[in-house]
Amino acid sequence: MRKTALSIAIAVSTTAAAVPVFAQDSAVKIEKIEVTGSRIKRADMETASPVTFIGADAIQASGAVTIDDVLQDITAAAGAMTNPGVNNGSGGNASINLRGLGAQRTLVLVNGRRMINSGTGAASTVDLNTIPVAMIKHIEVLKDGASAVYGTDAVAGVVNIILKDDFEGAELNAQTGVSGEGDAEQHNVDLTVGTSFDRGNMVFGIQYMERGSASQADRDFSKCPITETDEGSALTCGGSTITPNGHLYLENGKELQGDKDGNYAEYNPATDPYNYAAESYLYTPMQRLNITGNLNYELNGSTTLFTEAMYSKRWSEQQMAAQPVWFDFTYTEAMGDELLKHGAEYGDSIHYRRRMTDTGTRDFAQVVDTVRTVVGVEGLLSNDWSWDVAVNFGRNDSIDKLSNLHNIGSLTEDIELGNFNPLDQNSWSADNMTDYIYTEQNTGGSQMLNLSASLAGELFELPAGYLGFATGIEKRTEKAWYTPDSLTSQGLANDPKVEPTSGSYDVNEAFVEFAIPVLADVPFAQNLDLSAAVRAFDYSSFGSDSTWKLGFTWKLNDQLMFRGVKSTAFRAPTVDELYGGKSPSFEQISHPLLDNQAEVIVGGNASLTPEEADTLTFGLVYEPSFIEGLSLTVDYYDIAITNAISEVNNQYIVDNCVDSSGNLINQGSAVCQSANIQIANGKATFNNQLQNIGDETTQGYDINIAYHFEAMGLNWHAGLDTSILNERTITMAGETIDYTGLITSGLGSYADIKSSLNLAVKSDVWSANYKVRYLSSMDSFACINNPSSCYAPSVPSIVYHDLSGSYFVNDSMKFTAGINNLFDKQPPYYTGNNDSNTDPYTYDTLGRYVYAGMNIKF
């Protein structure tokens, strides 16, 4: 094949999900390099697995200042991915979820080595905020299982972020942006400095980013929680039954609503619910500092010392409506006679609920510090075999706070002693509540130490070429911890107590990989190569096993190549999954008689065993000689996971364990026994701890068309990436649910078709980029059994348009500006939505976003 930069990228299915790059147009000589998915260095970048390349220029042209802005737009991403639009439960994290199989099943590497899990608590995934965009050389996304090469977590694929290590000079970037509504301002500045010297090179980078907030109250689609009435035929502003001024449940069955003057009337479900959306963030604020350094130093003619150092600090916030509190008390004469006229009697037990608007919103804040250091030595032996020995250490420490909480234990004690009258509205004033208000502060973290050594080279020559190999050993220790606030851990707050998390494990691994040339320069086979890899591992937490990979590339001629990989993959349970303490989580459910938020007890399970997977990819690469610059790739993928670690879908538990009248059913089933669902005063509480609960499968196609050409004196690039989802099933407790084409309340969405069209043009002094993102229509998971009962049982397809351009003042200065979501496309409403009346995992909730920046090289 023609060895241009374009054809090389095409040969491994590489069209960036972001803006294409024009950095290299002429033919170049390719040195032996390591491509993600293989430890064997080779001159030919064509491998058996599909890999997407995203260059630094593409990232910069897109206006992205965080990696999630880029990765979450690729068509192979699906499901739930935390991002700034996720206010409830995100903890300020950002994640990538390939194939919609969960962020925990996508392995994130930096320079080919593991990145420390990061975030708040005992983190189980990598927070993409810890990786500085300004220091990225390029990103390689392997859309294939790779456990035989990299070990655990590489089930859905691998994201390998390659940092700059050969940069010379200095480069300054400054960018600012704002939404079309004038909120969510974002400012970024970064400086990269690099130099080369006689025996090596050094690169240093620093980046600071500040992002503002947007409120759900400031968008028409999210300003109040929508409730469906008249059996799903109409919409109205709804809210929570836990309301300001008190919502009372009497023994005689009556429900009363208080007012600010201390009067109580029968609760009106049409007018009394509380609008919690008005106080919730639509887009969450964050500040972030990243400092990064890379050093390569030649010790002698064949040995080099290399070091990598990364430090990030994140300050992030979320805001939700005032805390809901609830408790029971005995009605006494000292509390007044207001309830007597509603049939209550002194001595009755009253169930009381209140939204604490008196003291303000719940304010979440995280401070997260992450450090990663790699120190190693690499070199060449006399037979040209390469070797390396490295130490990879990472640590993540977090403090997360939740302000404006209330010590309900102390409050109820004072009620019993007669020191607090819950029926007197003056008792709840902010001044009077000072002694009961506290700030919850939790600490957590994770740590990884990875020792590795590898050897790679060519064993001997075969008729079709040299037999390549790579082998290595690794020893990794991981630990994590989470210490909840003292009040929370004792259960003295309004919520049930949260248990601490603490644990560790270690693993010893060894791998071997071969690249086997079978045929070369024969009819119908310009090249036929096989690849094979095996990894054995021994975990202290569950024992030993192995995983393997077999692949091939069959290049018929300069125009057509077939490729495929069959492999097994695994994911070991993380410390948090094994030893995570029990804690409550308030999750959205849908039931005609129950609150729309259930109290779900979640936590780890020390008996968990690894997930196992069988993966298959098969595809072709076609680069016709009669249209220079055109290429086509088509890849089929099939991933089947057994022994999957998961929680049961919360809605599934409600649907199968509670009938429409609120009675418990199917209590003999494994799911309902494990859930142990309890219902009191319209509120559901149940257990949903992690289990090796079932099987998951996904299969579909990735199609890429790329065309690079010159016209009108300009360089043009057109690229079309499309992912077609054929199947996405989850089997739990013997029941299989196919999520293909569905949008959910907590798992994100699984569109049948996701597509991205990129058109870029470049002259000597300017460039322009136009991008179209398409997401097909989907049905709501909440409505699949009875669509006629839902107002919006489906969402239509949606198209986003992004436009950007750059002007090169001279060789040292460039101005860039752009508009994302050009036509201000609003997210759709659907029955059974997640938050903001839509799905912030899937849709752009911010709306039109405008940015401008400057790049200076000196």
Side-chain angles (χ1 to χ4, degrees), residues 12-18 36-37 49-54 67-83 93-110 114-115 117 124-128 131 139-147 149-161 549 565 567 569-571 611 613-617 619 633 635-641 644-646 696-704 721-730 739-740 747-756 773 775 841-842:
V12 287
S13 186
T14 61
T15 292
T36 302
S49 300
V51 180
T52 293
F53 281 68
I54 305 173
I67 302 177
D68 55 293
D69 285 341
V70 177
L71 293 178
Q72 291 184 3
D73 277 350
I74 66 176
T75 60
M81 293 176 284
T82 51
N83 63 74
N93 293 330
S95 64
I96 175 62
N97 186 352
L98 293 178
R99 305 298 187 202
L101 290 174
Q104 73 277 17
R105 296 182 182 129
T106 298
L107 177 63
V108 177
L109 308 175
V110 175
R114 286 181 177 269
M115 181 62 188
N117 287 338
S124 295
T125 59
V126 172
D127 177 16
L128 297 177
I131 302 169
I139 302 173
E140 300 175 7
V141 181
L142 173 70
K143 295 176 288 187
D144 193 6
S147 287
V149 178
Y150 298 112
T152 183
D153 303 340
V155 177
V158 178
V159 175
N160 189 8
I161 299 160
K549 179 192 82 168
V565 173
S567 68
F570 77 101
R571 189 181 74 85
E611 298 179 336
D614 292 314
T615 71
L616 171 68
T617 61
T633 65
D635 288 284
Y636 168 79
Y637 65 89
D638 187 332
I639 304 172
I641 301 171
I645 299 172
S646 181
E696 299 191 27
T697 62
T698 186
Q699 59 178 252
Y701 296 88
D702 292 326
I703 302 171
N704 167 252
D721 273 315
T722 301
S723 291
I724 301 173
L725 181 64
N726 284 352
E727 179 182 341
R728 175 64 177 102
T729 62
I730 298 178
Y739 287 92
T740 309
L747 297 177
S749 64
Y750 301 91
D752 294 295
I753 301 175
K754 294 183 70 175
S755 194
S756 178
R773 294 173 284 144
L775 195 65
Y841 290 125
T842 299

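Along the sequence shown, the residues carry numbers beginning at 1.
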Visitor: Look up atom CG in N726 and atom OG1 in T740, then write down how far apart they are to the nearest 0.5 Å.
Guide: 7.5 Å

Visitor: May I ask you to check whether D702 and S723 show a side-chain donor-acceptor distance below 3.5 Å?
Guide: yes

Visitor: Between T52 and E140, does any side-chain donor sit less than 3.5 Å from a side-chain acceptor?
Guide: no

Visitor: Residues in ring-ring contact (aromatic ring centres under 6.0 Å, His included) with F570, at least two apart?
Guide: F537

Visitor: Does the distance from a Lys or Arg side-chain N to an Asp or Glu carboxylate O, for R773 and D73, drop under 4.0 Å?
Guide: yes

Visitor: Looking at every heavy atom in both L142 and S49, which two are closest together, and how far apart are they?
Guide: CD1-CB, 3.4 Å

Visitor: Taking the side chain as everything from C-beta on, heavy atoms only, tell me whether Y150 gets closer than 4.5 Å to T36.
Guide: yes

Visitor: Check the pair E727 / T697 against side-chain hydrogen bond (donor to acceptor under 3.5 Å, both in side chains), numbers first and verdict last.
Guide: CA-CA 7 Å; E727 179 182 341; T697 62; 2.8 Å; yes

Visitor: Tell me, do V70 and I54 make a side-chain contact under 4.5 Å, heavy atoms counted?
Guide: yes

Visitor: How far apart are the closest heavy atoms of A154 and A569, and which atoms are they?
Guide: O-CB, 4.0 Å

Visitor: Do you know which two heavy atoms are closest between L775 and A751, and how far apart they sit?
Guide: CD1-CB, 3.7 Å

Visitor: Using the rule given for salt bridge (charged side-chain N to carboxylate O under 4.0 Å, His left out), can you reason through D153 versus R114, listing the C-alpha separation, both sets of side-chain angles and the distance that settles it, and then say yes or no?
Guide: CA-CA 10 Å; D153 303 340; R114 286 181 177 269; 3.5 Å; yes

Visitor: Against E611, only a single residue in L101, I645, T152 fulfils side-chain contact (heavy atoms from CB on, under 4.5 Å); can you say which?
Guide: I645

Visitor: Would a 4.5 Å heavy-atom cut-off, applied to side chains only, mark R105 and I641 as touching?
Guide: yes

Visitor: Checking T106 now: which residues fulfil side chain to side chain contact (heavy atoms under 4.5 Å, CB included) with it, not counting sequence neighbours?
Guide: I96, L98, A156, V159

Visitor: Hey, could you give me the CE/CG distance between M81 and N93, rounded to the nearest 0.5 Å?
Guide: 14.5 Å

Visitor: Just do the side chain to side chain contact (heavy atoms under 4.5 Å, CB included) check on I139 and N160 with the steps written out, would you?
Guide: CA-CA 6 Å; I139 302 173; N160 189 8; over 6 Å; no

Visitor: What heavy-atom pair brings T842 and S749 nearest, and what distance separates the two atoms?
Guide: OG1-OG, 2.7 Å

Visitor: Looking at Y750 and G100, would you say the former's side chain and the latter's main chain have a donor-acceptor pair under 3.5 Å?
Guide: yes

Visitor: Quick one, V141 and V158 - any side-chain contact, counting heavy atoms below 4.5 Å?
Guide: no

Visitor: Which value, rounded to the nearest 0.5 Å, describes the distance between S567 atom OG and L616 atom CG?
Guide: 8.5 Å

Visitor: Any idea which heavy atoms bring P50 and T617 closest together, and the distance?
Guide: CD-OG1, 4.3 Å

Visitor: To the nearest 0.5 Å, what is the distance between OG1 (T75) and CG (L725)?
Guide: 11.5 Å

Visitor: Distance from D635 atom CG to N704 atom CG, nearest 0.5 Å?
Guide: 9.0 Å

Visitor: Do T615 and D638 make a side-chain contact, defined as non-hydrogen atoms from C-beta onward lying under 4.5 Å apart?
Guide: no

Visitor: For the side chain of Q72 and the backbone of T82, is there at least one donor-acceptor N/O pair under 3.5 Å apart?
Guide: yes

Visitor: Nearest 0.5 Å, what's the OG-CG distance between S95 and D68?
Guide: 8.0 Å

Visitor: Within the 4.5 Å heavy-atom criterion, are V149 and K549 side-chain neighbours or not?
Guide: yes

Visitor: Side chain to side chain contact (heavy atoms under 4.5 Å, CB included) between I74 and D721: does it pass, once the steps are laid out?
Guide: CA-CA 8 Å; I74 66 176; D721 273 315; over 6 Å; no

Visitor: Is the NZ or CZ atom of R99 positioned over Y637's six-membered ring, under 6.0 angstrom from the centre and within 45° of the axis?
Guide: yes

Visitor: Look at R728 together with D752 and state whether they make a salt bridge at an N to O cut-off of under 4.0 Å.
Guide: no

